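Reviewing the structure listed below.
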Amino acid sequence: GSTGGCPGTGTSGAGGNGGGMVIIIANNIINNGAMINAAGNNGGLGTGDGAGGGGGGGVVFLSVNSFTNNLSIDVRGGTGGNSNNAISNRCYGPGGGGGAGIILSSAALPVTVTSLMTGGAAGLITNSTNACNGTNSNAAAGSNTPVVLTGASVPAGTVDPLSGCSVVPVSFLYFKS
């Protein structure tokens with residue numbers, strides 16, 4: 001996300017944080033009603049100044065052999081912040097929406113997995129006496145991600161034991177969020 005523009009007498013909104021990255025390599029995901037969430041945060045409110053843009057959705061990488069129960073994966077972009085014009089004849093700009101993230105999977109996801117991959121909506125101008133009130137003043141919504149990309153893999157790395165680093169094998173027998 002990015003912060004609002006024109007320096008005014010008010011406070012501009014901060015841009016929303018991006019969704020980050022989630023990597024899951026597992027034989028089976030047994031879902032208990034939770035969601036894998038890598039969505040971007042919403043942009044901050046601007047008061048008498050520009051608002052913050054929505055954070056971009058994150059990346060979810062899955063190398064999973066099977067899924068038990070329904071699962072939702074959220075990589076949506078955050079909504080742009082609104083711009084409160086403090087009952088003035090101003091049109092300080094709202095924030096644009098964050099773009100959707102991406103889901104990468106080693107294989108096609110089953111129908112029990114729901115992918116949420118839409119960009120965030122643009123914010124709106126509020127409390128203005130100008131005709132711009134209630135509009136997005138050309139702030140754009142974030143773009144959508146059209147598909148889950150399949151066939152992704154994690155290449156095995158090599159570590160020189162003389163460098164003082166070593167590979168620590170990690171296996172999850174059970175994970176509960």
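Since the model is a prediction, treat every value here as computed from it, not as a measurement.
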To the nearest 0.5 Å, what is the distance between [atom1] ([X]) and [atom2] ([Y])?
| X | Y | atom1 | atom2 | value |
| --- | --- | --- | --- | --- |
| S66 | N27 | OG | CG | 5.5 Å |
| R90 | S128 | CZ | OG | 10.0 Å |
| I125 | T135 | CD1 | OG1 | 4.0 Å |
| D74 | N37 | CG | CG | 5.0 Å |
| S72 | I36 | OG | CD1 | 9.5 Å |
| L116 | R76 | CG | CZ | 4.5 Å |

N28 CG: over 12 foreign heavy atoms closer than 6.0 Å
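Yes - once you tally the heavy atoms of other residues, nucleotides and ligands closer than 6.0 Å, there are more than 12.
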Please say yes or no: joined through hydrophobic side-chain contacts below 4.5 Å, possibly via intermediate residues, are [X] and [Y] part of one cluster?
| X | Y | result |
| --- | --- | --- |
| V22 | L109 | yes |
| V64 | L104 | no |
| L149 | I25 | yes |
| I103 | F61 | no |
| I29 | V60 | yes |

Taking the side chain as C-beta and beyond, is there a heavy-atom pair between T114 and L71 under 4.5 Å?
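The answer is no; the side chains never approach within 4.5 Å.
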Are I23 and L62 side-chain neighbours, meaning at least one heavy-atom pair lies under 4.5 Å?
no
Check whether [X] reaches the backbone of [Y] with its side chain - one donor and one acceptor, N or O, closer than 3.5 Å.
| X | Y | result |
| --- | --- | --- |
| N85 | I87 | no |
| T145 | V147 | no |
| S12 | A51 | no |
| T112 | T68 | no |
| N130 | N133 | no |
| N42 | T79 | yes |
| T11 | T47 | no |
| N31 | N70 | yes |

Smallest separation among heavy atoms of G48 and Y92, with atom names
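So the minimum-distance heavy-atom pair works out to O-CE1, 3.2 Å.
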Of the non-hydrogen atoms in A139 and A122, which two are nearest, and what is the gap between them?
O-CB, 3.3 Å
Among side-chain atoms of T118 and N144, is any donor-acceptor pair under 3.5 angstrom?
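Result is no, nothing qualifies.
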Take N127 and N84 through the test side-chain hydrogen bond (donor to acceptor under 3.5 Å, both in side chains) and record every step on the way to the result.
CA-CA 6 Å; N127 294 319; N84 181 339; 3.2 Å; yes
